[in-house]
Number of protein chains: 2
Amino acid sequence: MKTTLGILKALSDRNRLRIVAALSRYEELCACQITELLQVTGATVSRHLSILQHAGLLSSRKEGRWIYYQLVYPEGSDAVFTWLGATFAGSMEIQADSEVLDKIASIDREELCRSQRGEICCPK
Amino acid sequence: MKTTLGILKALSDRNRLRIVAALSRYEELCACQITELLQVTGATVSRHLSILQHAGLLSSRKEGRWIYYQLVYPEGSDAVFTWLGATFAGSMEIQADSEVLDKIASIDREELCRSQRGEICCPK
DNA sequence: TTGACATTTAGTCAAATAGCTAAATATAAG
DNA sequence: CTTATATTTAGCTATTTGACTAAATGTCAA
């Protein structure tokens, strides 16, 4: 019950659903990429990721200064993700996210982080 | 997305999950029976029922002064309820609820409501 | 070791929410 | 019509939660 409630609470926030959608499209993403997608502060993203991870929905992998997150499908909850997948497929908002995400994923991580701290890097 | 989020939010409250569990055991229950089960005020139950109904998870049927509620399984979300069912089956709390519920269901509705408004009806 | 930097934690604030009581609504019965 | 009563709505309070800023942490590179 507590576990189930944790999962439901973790999933009942728009931004966290967007994170789940992004990670069901991209296998793994680092915190800075998610920050860029959601357009909120890194601290806020960190908090959301922690809630999802705590609910058992994410695992993470550290690679140098970056931390990559992946979706985990908790025992018996596959069906829920199938249902979510259908929602994502029919959502304009998630579709828009996907396009942004494709751009983000194509940018070098270094450059992305640089631009996040305001160093607009002189496109001639 | 909005619909999905509505369902998830509706389900991410302990008392509302208990209502769903009760209605997956009993087909239909009136507000006063749910009030008795949850041990909160009728107004609070009314609010929870309205949230569930708004999310498309409940339908209701009026019969005189009583209103009976039933579960509805929104298009495509059957799997979610299967998952919830498994949770309920393994939950001590829901099991305890079930026992209380069986007692409540066996009491005459009239008598239940009478006792709810404090008229402890003289058990010799 | 020092500095840079991605992420997390701590602390604050405003908005959302679950609970209550009391008043309003709608229905049944006298 | 009037009274009784099941449910809902309105108004309130306390708690939770999502967002922010600033400080702390942990990692890489010089």
Side-chain angles (χ1 to χ4, degrees), chain A residues 2 5-6 8-19 28-55 58-69 104 107-119 121, chain B residues 2 5-6 8-19 28-55 58-69 104 107-119 121:
Chain A
K2 209 175 158 191
L5 210 45
L8 288 168
K9 285 192 181 199
L11 291 175
S12 58
D13 173 84
R14 176 168 249 103
N15 280 339
R16 287 197 292 271
L17 273 192
R18 291 171 72 196
I19 291 175
E28 67 173 21
L29 293 167
C30 75
C32 63
Q33 292 174 306
I34 294 170
T35 301
E36 186 66 21
L37 175 67
L38 299 189
Q39 293 289 309
V40 293
T41 63
T44 298
V45 165
S46 174
R47 182 140 183 66
H48 283 313
L49 290 170
S50 139
I51 288 169
L52 286 166
Q53 193 160 25
H54 213 103
L58 294 187
S59 65
S60 62
R61 176 175 75 78
K62 206 172 239 180
E63 189 181 309
R65 282 165 301 178
W66 286 286
I67 302 181
Y68 288 89
Y69 290 88
I104 292 173
I107 301 174
D108 183 59
R109 224 76 74 251
E110 293 283 3
E111 191 180 333
L112 177 63
C113 289
R114 215 176 311 130
S115 78
Q116 275 179 359
R117 68 190 109 89
E119 302 171 19
C121 191
Chain B
K2 209 176 158 190
L5 211 45
L8 287 168
K9 285 191 181 198
L11 292 175
S12 57
D13 173 85
R14 176 167 250 104
N15 279 340
R16 287 197 293 270
L17 272 193
R18 291 172 71 196
I19 292 174
E28 69 173 19
L29 293 167
C30 76
C32 63
Q33 292 175 304
I34 295 170
T35 301
E36 186 65 22
L37 175 67
L38 299 189
Q39 293 289 307
V40 294
T41 63
T44 298
V45 165
S46 174
R47 183 148 174 60
H48 283 312
L49 289 170
S50 140
I51 288 169
L52 287 166
Q53 193 160 24
H54 212 100
L58 294 187
S59 66
S60 62
R61 177 175 75 78
K62 206 173 239 180
E63 189 180 310
R65 282 166 301 179
W66 285 287
I67 301 181
Y68 289 90
Y69 290 87
I104 292 173
I107 303 175
D108 182 59
R109 224 75 74 251
E110 294 284 3
E111 191 180 331
L112 177 63
C113 288
R114 216 176 309 130
S115 78
Q116 275 179 1
R117 66 191 111 89
E119 302 170 21
C121 192

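Below, chains carry the letters A, B, ... as their sequence lines are ordered, and counting in each starts from 1.
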Specify the separation, in whole Å, of atom [atom1] of [X] and atom [atom2] of [N].
| X | N | atom1 | atom2 | value |
| --- | --- | --- | --- | --- |
| B:Ile51 | C:dT17 | CD1 | C1' | 8 Å |
| B:Arg61 | D:dT7 | CZ | C1' | 16 Å |
| B:Gln53 | D:dT7 | CD | P | 13 Å |
| A:Arg14 | D:dA19 | CZ | C1' | 16 Å |
| B:Ile19 | C:dG19 | CD1 | P | 9 Å |
| A:Leu58 | C:dT7 | CG | P | 14 Å |
| B:Asp13 | D:dT17 | CG | P | 11 Å |
| A:Ile67 | C:dT7 | CD1 | C1' | 6 Å |

Please determine if a side-chain N or O atom of [X] lies less than 4.0 Å away from the OP1 or OP2 oxygen of [N].
| X | N | value |
| --- | --- | --- |
| A:His48 | D:dA19 | yes |
| A:Ser46 | C:dT8 | yes |
| A:Lys62 | D:dG26 | no |
| A:Thr44 | D:dG18 | no |

If each of A:Gly64 and A:Val40 is mapped to the nucleotide of DNA chain D with the nearest heavy atom, which maps nearer the 5' terminus, i.e. the 5' end?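 The residue closer to the strand's 5' end, by nearest nucleotide, is A:Val40.
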
Residue closer to the 5' end of DNA chain D, A:Glu63 versus A:Thr41 (nearest nucleotide):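 Nearest-nucleotide comparison on DNA chain D picks A:Thr41.
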
Check every atom of [options] against the side chain of [X] and return the nucleotide holding the closest atom.
| X | options | result |
| --- | --- | --- |
| B:Arg65 | C:dT8, D:dG18, D:dA6 | D:dA6 |
| B:Ala43 | D:dA22, C:dT21, C:dG19 | C:dT21 |
| A:Asn15 | D:dA19, C:dG19, C:dT7 | D:dA19 |

Classify B:Ile34 by what it touches in the nucleic acid, base, sugar-phosphate, or nothing, heavy-atom distance under 4.0 Å. nothing

With sugar-phosphate meaning primed atoms plus P, OP1 and OP2, does A:Arg16 contact a base, only sugar-phosphate, or nothing at under 4.0 Å between heavy atoms?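 Sugar-phosphate, backbone atoms only, no base.
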
Using modelled atom types and a 3.5 Å cut-off, is there a donor and acceptor pairing between side-chain atoms of B:Ser50 and backbone atoms of B:Ser46? no

Donor-acceptor side-chain pairing of A:Gln53 and A:Ser59 below 3.5 angstrom: no

Could you please spell out the steps behind the side chain to side chain contact (heavy atoms under 4.5 Å, CB included) verdict for B:Glu63 and B:Tyr68? CA-CA 7 Å; B:Glu63 189 180 310; B:Tyr68 289 90; 4.0 Å; yes

Would B:Leu38 and B:Arg18 satisfy side chain to side chain contact (heavy atoms under 4.5 Å, CB included), going step by step from the backbone distance to the final call? CA-CA 8 Å; B:Leu38 299 189; B:Arg18 291 172 71 196; 3.7 Å; yes

Verdict with reasoning, B:Trp66 to B:Cys32, per side chain to side chain contact (heavy atoms under 4.5 Å, CB included): CA-CA 8 Å; B:Trp66 285 287; B:Cys32 63; 3.8 Å; yes

